[in-house]
Amino acid sequence: EKTGGVADLSHMVKKLARSAAGQEAPLPMDVRSTRALGLSLDYMFGTLLREDENLRHLHGFVWDRTRAIRRDFAFFSTMNESELKTQIYVLENIARFHVTSLHLLPQFVSPGDRIEDLFSEHQELEQLGKTLLSLRDIYDDCRTQDIVCENEAEFRAYYLLFHGRDPGIVEALQMQWDPRFWNDSEEVRIALSLVEAMHNNQDFVGSAKHKEDGPLLACTSAYTTFFDIVEAVSTSYTMACFAECHFPYVRRAILQAVKRALTRPKNPVEDVTAEALNEFLRYDTVEQAIEFAELHGFSFTPNREDPANVSRYGLVLRDRSLVPYPKVDHQFSRRLVEKKRGNATLPQILRRTIYDRVSSSAYLPNGGREESLFVQD
């Protein structure tokens, strides 16, 4: 910012200087102290990003400056406990910034525009992954020094969920992590449940038997359990944002299961409504579910008695061919994710974990208590 044509140093944040071949290491005076790095982050998240609309306009600026902060930390060869905790605090907040940006920014994309015009989803995911990897390594260093990290289990759970589509991720991490994370952490157990739901490959079973409120679609697939866990009161807002990264993958798997279960060899199915399909896909609107299904090769026909009612559009299944893999942009979910935020401001969700404690929907298997997904020992 400028006042009277003179730069105001109190509002300046160091921009990212990318590494280049032959470039010398920066001078010590050019690397900010850990305290300065923490203050820079607090200024951006507390002052610049006061409202969601600010995120829309300042995302590129903050994205660049958070990368610069992470790069400055790389020049510290040794740090004491206080400096390590400052670094962990900064990286945890940056991880929340990236995953929250992935969730919130798509709602600002105008109809007909591309998400790339607002931000790069690929780069956002890349920097989120690098931030989580740095946190993992710092947590390991702290453990060797007997330094307790309060949010370690939570962010290890995010690391697990972020890499959840890797079929070998659970086995690999179970060999690497301390058993206490698997036995004592609610966050890790929730993330593990979500990953296991994604890995489940069972089919839908049922029929298209007509009822007054639509077809009967019984389902044994854990794919729909994925959304139940996301919606549960014990799943935090940030955890739901991480899970949202996998929504297109899970929804495509549901479409494939529906196709295998309900495609008829002769007469095509026409009594499955778009509204019934969306009960599994869990989009905010039926129109979004139709758009997603059509993108994957499905088609719909208007209802003869009520052709203007989109919810009663009939799904047409003509063959059992494999559902394609089109590029699907990250999509904002109000029904499953944003409602967990409540009245929390943008700075609050970037700095701490928010829970939806007033939700009427909770996944409570085996009679577990309301605050937990699991039966207590």
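Throughout, numbering of the chain's residues begins at 1 and tracks the sequence.
Atom-to-atom distance recorded for Arg260:CZ and Gln256:CD is 5.0 Å, nearest 0.5 angstrom. Rounding to the nearest 0.5 angstrom, the gap separating the CG atom in Asp42 from the CG atom in Leu37 is 11.0 Å. A distance of 11.0 Å separates CG of Leu350 from NE2 of His98, quoted to the nearest 0.5 Å. The line from NE2 of His59 to OG1 of Thr66 is 8.0 Å long, rounded to the nearest 0.5 Å. Note that CD of Gln87 is 11.0 Å distant from CG of Asp72, once rounded to the nearest 0.5 Å. To the nearest 0.5 angstrom, Asp141 atom CG is 9.0 Å from Ile147 atom CD1.
Both cation-pi conditions hold for Arg251 and Tyr283: the charged atom is under 6.0 angstrom from the six-membered ring centre and inside a 45 degree cone around its axis.
Looking at Arg32, its side chain never comes within 3.5 Å of a backbone N or O of Phe73 through a donor-acceptor pair. Looking at Gln107, its side chain does come within 3.5 Å of a backbone N or O of Leu104 through a donor-acceptor pair. Judged by distance alone, with hydrogens and angles left aside, the side-chain atoms of Lys340 form a donor-acceptor pair with the main-chain N or O of Val230 at under 3.5 Å. Here the side chain of Glu83 pairs a donor or acceptor atom with the backbone of Asn80 at under 3.5 angstrom. Looking at Arg252, its side chain does come within 3.5 Å of a backbone N or O of Val323 through a donor-acceptor pair. Without hydrogens or angle criteria, Gln348 side chain to Thr345 main chain gives a donor-acceptor distance under 3.5 Å. Proximity of a side-chain donor or acceptor of His296 to a complementary backbone N or O of Phe292 within less than 3.5 Å is detected. Using modelled atom types, no side-chain atom of Ser185 and backbone atom of Trp182 make a donor-acceptor pair closer than 3.5 Å. For Asn93 (side chain) and Tyr89 (main-chain N/O), a donor-acceptor pair under 3.5 Å exists by modelled atom type. Between the Asn303 side chain and the Asp306 main chain, a donor and an acceptor come within less than 3.5 Å of each other.
When all heavy atoms are compared, the tightest approach of Val188 to Ala153 is CG2-O, 3.6 Å. Of all heavy-atom pairs between Ala243 and Leu161, the closest is N-CD2, 3.7 Å. Taking every heavy atom of both residues into account, Gln127 and Thr131 meet most closely at O-OG1, 2.7 Å. Minimum heavy-atom separation, Ile190 to Ser234: CD1-O, 3.2 Å. Smallest separation of non-hydrogen atoms from Gly164 and His199: O-NE2, 2.7 Å. The two residues Ser193 and Ile229 have their closest heavy-atom pair at CB-CD1, 3.6 Å.
The pair Arg156-Glu187 does not meet the salt-bridge criterion, since no charged nitrogen lies less than 4.0 angstrom from a carboxylate oxygen. Ion pairing of Arg67 with Asp64 is absent here, as no side-chain N (NZ or NE/NH1/NH2) approaches a carboxylate O to less than 4.0 Å. A salt bridge between Lys327 and Glu116 is present, with a side-chain N of the basic residue lying under 4.0 Å from a carboxylate O of the acidic one. Between Arg96 and Glu92 there is no salt bridge, since no side-chain nitrogen of the basic residue lies less than 4.0 Å from a carboxylate oxygen of the acidic one.
Leu135 has its side chain within reach of Ile88: a pair of non-hydrogen atoms, C-beta onward, lies under 4.5 Å apart. Inter-residue side-chain proximity for Ser311 and Thr273 is flagged as unmet; no heavy-atom pair is nearer than 4.5 Å. In this structure, Leu58 and Leu49 have side chains that are in contact, with non-hydrogen atoms separated by less than 4.5 Å. Considering only heavy atoms from C-beta on, Leu91 comes within 4.5 Å of Arg70 through its side chain. Contact of the Leu48 side chain with the Phe61 side chain is registered, since non-hydrogen atoms from C-beta on lie closer than 4.5 Å. At least one side-chain heavy atom of Leu84 sits less than 4.5 Å from a side-chain heavy atom of Gln145. Between His330 and Cys245 the shortest side-chain heavy-atom distance falls below 4.5 Å. The shortest side-chain heavy-atom distance between Tyr313 and Val286 does not fall under the 4.5 Å cut-off.
Between His163 and Tyr159, the ring planes are tilted. Angles from 30° to 60° get that label.
In summary, the side chains of Arg165 and His246 do present a donor paired with an acceptor at a separation below 3.5 Å, with no hydrogens or angles considered. Side-chain contact of His57 with Glu53: a donor-acceptor pair under 3.5 Å is present, judged by distance alone.
When the shell of 6.0 Å around CZ of Arg335 is examined, it contains more than 12 heavy atoms from other residues, nucleotides or ligands. Counting heavy-atom neighbours within 6.0 Å of Glu171 CD, excluding the residue itself, gives a total of 12 or less.
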**Message:** The test is side chain to side chain contact (heavy atoms under 4.5 Å, CB included); show your working for Leu336 and Glu244 and say whether it passes.
**Reply:** CA-CA 9 Å; Leu336 293 173; Glu244 190 180 47; over 6 Å; no
**Request:** Could you give me the CA-CA distance, side-chain angles and deciding distance for Asp52 and Arg341, then say whether salt bridge (Lys or Arg N to Asp or Glu O under 4.0 Å) is met?
**Result:** CA-CA 12 Å; Asp52 290 12; Arg341 177 176 172 179; 2.8 Å; yes
**Request:** In sequence, state the C-alpha distance, the side-chain angles, and the governing distance for Phe97 and Glu124, and then conclude on side chain to side chain contact (heavy atoms under 4.5 Å, CB included).
**Result:** CA-CA 10 Å; Phe97 163 74; Glu124 203 76 47; 4.3 Å; yes
**Request:** Might you work through the side chain to side chain contact (heavy atoms under 4.5 Å, CB included) test for Asn54 and Leu346, ending with a clear yes or no?
**Result:** CA-CA 9 Å; Asn54 293 5; Leu346 183 58; 5.6 Å; no
**Prompt:** Going through the distances and angles, do Phe247 and Phe227 end up as a ring pair (Phe, Tyr, Trp, His ring centres under 6.0 Å)?
**Reply:** CA-CA 9 Å; Phe247 280 10; Phe227 293 125; 5.2 Å; yes
**Request:** Apply side chain to side chain contact (heavy atoms under 4.5 Å, CB included) to Val109 and Phe332, showing your working.
**Result:** CA-CA 10 Å; Val109 179; Phe332 172 83; over 6 Å; no
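Residue His103 is tested with Phe119, Phe242, Tyr237 for a ring-ring contact (aromatic ring centres under 6.0 Å, His included); the sole match is Tyr237.
Both Phe75 and Met79 belong to a single network of hydrophobic side chains, linked directly or stepwise wherever heavy atoms of I, L, V, M, F, W or Y lie under 4.5 Å apart. Cluster annotation: Tyr249 is connected to Val328 through the hydrophobic network of ILVMFWY side chains, with a link wherever side-chain heavy atoms come within less than 4.5 Å. A single hydrophobic cluster is not seen to contain both Phe76 and Leu39; linkage of ILVMFWY side chains at heavy-atom distances under 4.5 Å, directly or through other members, places them apart.
Not counting sequence neighbours, the partners of Phe155 by the ring-ring contact (aromatic ring centres under 6.0 Å, His included) test are Tyr158.
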